[in-house]
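In what follows, a structure is listed as structure tokens, so that the remarks can point back to it.
What you see is a predicted model, and the numbers here were worked out from it, not measured in a lab. Just so it is clear, the values below take in all heavy atoms, side chains as well, and ignore hydrogens, waters and symmetry mates. First the proteins, then the strands, lettered A, B, ... as listed; each starts at 1.
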Amino acid sequence: MSFPPVEEQLALLTRGVEKIVPAEELRRKLEQSLRSGRPLRVKYGIDPTGIDVHLGHTVPLRKIRQFQELGHQAVIIIGNYTALVGDPSGRDQTRARLTQEQVENNARDYLNQVGKVVDLSRAEVVHNGDWFSAMSFLDVLELCSKVTVAQLLTREDFAKRYAAEQAIFLHECLYPVMQAWDSVKVRADVELGGTEQLYSFMLARDLQRDQNMPQQIGMMTPILVGLDGVRRMGKSLGNYIGIGESAYDMMKKFMQVPDAVMRMYFELLTDIPLPEVDRLLAGHPKDAKLTLARHVISGYHPSPEADEAADRWQREISQKELPAEIPEVVVPGTALEQGRIPAARLLQVTGLSPSSSEARRLISQGGVSLGEDKVRVETHDTPIDVTPGLLLWVGKKRVVRLSIGPN
RNA sequence: GGGGGAAUUCCAGAGUGGCCAAAUGGGCCAGACUGUAAAUCUGGUGGCUCUGCCUUCGCAGGUUCGAAUCCUGCUUCCCCCA
């Protein structure tokens, strides 16, 4: 096995990495591997707790991919056992635990998605249940004897919860221990993860030393902020771009992102050289954002699709042309009286408003309009002449084409 | 095992007998402004046959002319002591 020069590897690998502990050791490990021709074993663990992999997850995954491209060995750990515990990291509450069955379904799905970023054909994929399920209680006790409670409580998340008098369950305390033990089992040289993983990464080093093994390096990638530009990207916050989403959906979401986060997105989500990024950001923000979006999207969709999504956004959103596809909604003929229907009622039967009260609100606030010219509907009881093909708008984005059905 | 505290509308969190569909903030929706970005500003945010009416404040009963607010039981959660 041969590798590119160490300096070159370092330049690529340290981009967009927030913290490397211990910082000096990465170079040493790379030098060693270059000399011996032995690839580094790069570990990344994921707990199959949800289903949607989003761009936030891709930050460490992309890093794995870079390691792979340099010739190193990716080791993906499916935390089917740790998922039963729930990672307390960064949490101010105990996570809900999952059943075995859920975990297994999720795991399969996860790999499908992860495969879009990491080259799974060259990666080792292991389940940590393989070793944890084989451990006896005595083994667990033995493992626990390496960790002190005081140590656990130095973690910020636990310390905070402890101070706030919130519950910390014993099984949660075991989580970092398990994660660290994974590193021992796979003989990790490098572990990737978010900054909140620091404690587990360090614990892994302790356990590895205890087993007379080389100690791993922790590489921590920053938390990617979500579409709101403030909070971390996450499913529960609803501010994420999933990698399974359509090109156009991703496009729309990218264009909503606050300008201020663009640099971070470029750095963490693309390979565009940083000087080039600076040049882009010096230009019009909208163009920079389009470039960003196209680059990222083309990682998950064929690039003609990414281009098409960008064009479509320009046409429909930027230039306010009518969308190419307007969903058609059937108005039941029985709801009409002499071809007409009160405006508020129309919003309800078309499903654009869940309730009549909501419909009235929308209308009174000027959010409802008709036709290509978007003529505003003034009052909730305005009779609307429903003709097939009539456009009905709610707000700026939602529009449907009406047709009349038999009932 | 003993003691204490809490459950409110999407979330956080006020409200302790009528002025409460319930303050305030967040989120969300709509409008203005824009690059349909962000920020900002305005309005809204249970339902309905809508100047009024109906159903909500953990659950079930009760007191009262009247209860989110008082009483009883139940459920759930948290904390402390051991």
What is the distance, to the nearest angstrom, from the [atom1] atom on [X] to the [atom2] atom on [N]?
X       : N       : atom1 : atom2 : answer
I363(A) : rC50(B) : CD1   : C1'   : 13 Å
K252(A) : rG35(B) : NZ    : C1'   : 18 Å
W313(A) : rG35(B) : CH2   : P     : 11 Å
E358(A) : rC28(B) : CD    : P     : 15 Å
F254(A) : rU36(B) : CZ    : P     : 18 Å
L347(A) : rC48(B) : CG    : P     : 12 Å
R360(A) : rG47(B) : CZ    : P     : 12 Å
W393(A) : rC29(B) : CH2   : P     : 17 Å

Say you pick atom [atom1] in [N] and the same atom in [M]; how far apart are they, in whole Å?
N       : M       : atom1 : value
rU40(B) : rU55(B) : C1'   : 38 Å
rC79(B) : rA32(B) : P     : 50 Å
rA7(B)  : rC57(B) : C1'   : 10 Å
rA12(B) : rG66(B) : C1'   : 31 Å
rU45(B) : rU49(B) : C1'   : 22 Å
rC19(B) : rC11(B) : C1'   : 28 Å
rA22(B) : rG47(B) : P     : 13 Å
rU24(B) : rA14(B) : C1'   : 7 Å

Nearest to the side chain of [X] - [options]?
X       : options                   : result
R398(A) : rC33(B), rG35(B), rC29(B) : rC29(B)
Q365(A) : rA32(B), rG44(B), rC48(B) : rG44(B)
L362(A) : rC50(B), rG35(B), rA30(B) : rA30(B)
Q348(A) : rU36(B), rC48(B), rG35(B) : rC48(B)
K289(A) : rG35(B), rC33(B), rG47(B) : rG35(B)
S355(A) : rA38(B), rC48(B), rU45(B) : rC48(B)
P285(A) : rG35(B), rC48(B), rG44(B) : rG35(B)

May I ask which nucleotide in the shown strands pairs with [N], Watson-Crick or G-U wobble, both distances under 3.5 Å?
N       : answer
rG1(B)  : rC81(B)
rC70(B) : rG62(B)
rU45(B) : rG27(B)
rU75(B) : rA7(B)
rU40(B) : rA32(B)

Of R345(A) and H284(A), the one whose closest RNA chain B nucleotide lies more 5': H284(A)
Most 5' of K286(A) and G367(A) on RNA chain B, judged by nearest nucleotide: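 Its nearest nucleotide lies further toward 5', so the answer is G367(A).
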K43(A): which of I64(A), V186(A), V126(A) passes side-chain contact (heavy atoms from CB on, under 4.5 Å):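 Single side-chain contact (heavy atoms from CB on, under 4.5 Å) partner of K43(A) among I64(A), V186(A), V126(A): V186(A).
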Result of checking D249(A), L227(A), I297(A), L290(A) against F254(A) for side-chain contact (heavy atoms from CB on, under 4.5 Å):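 With F254(A) as partner, D249(A), L227(A), I297(A), L290(A) yield a single side-chain contact (heavy atoms from CB on, under 4.5 Å), made by I297(A).
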Over all strands shown, is [X] touching base, sugar-phosphate only, or nothing at heavy-atom distances under 4.0 angstrom?
X       : answer
G229(A) : nothing
S356(A) : base
R376(A) : sugar-phosphate

Residue of the set K29(A), R28(A), R41(A) for which salt bridge (Lys or Arg N to Asp or Glu O under 4.0 Å) holds with D189(A):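 Looking at K29(A), R28(A), R41(A), the match for D189(A) under the salt bridge (Lys or Arg N to Asp or Glu O under 4.0 Å) is K29(A).
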Residue-phosphate contact under 4.0 Å: R361(A) side-chain N/O, rG47(B) OP1/OP2: yes
Lys/Arg-Asp/Glu bridge criterion (N-O < 4.0 Å) met for R312(A), E305(A): no
Short N-O contact, D210(A) and K146(A), less than 4.0 angstrom: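 K146(A) and D210(A): salt-bridged.
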CE on M135(A) to CE on M178(A), rounded to 0.5 Å: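 If we round to the nearest 0.5 Å, M178(A):CE and M135(A):CE are 8.5 Å apart.
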Parallel, tilted or perpendicular: rings of H72(A) and F67(A) (30°, 60°): perpendicular
Full working for side chain to side chain donor-acceptor pair (under 3.5 Å) between W181(A) and N128(A): CA-CA 9 Å; W181(A) 190 245; N128(A) 64 8; over 6 Å; no
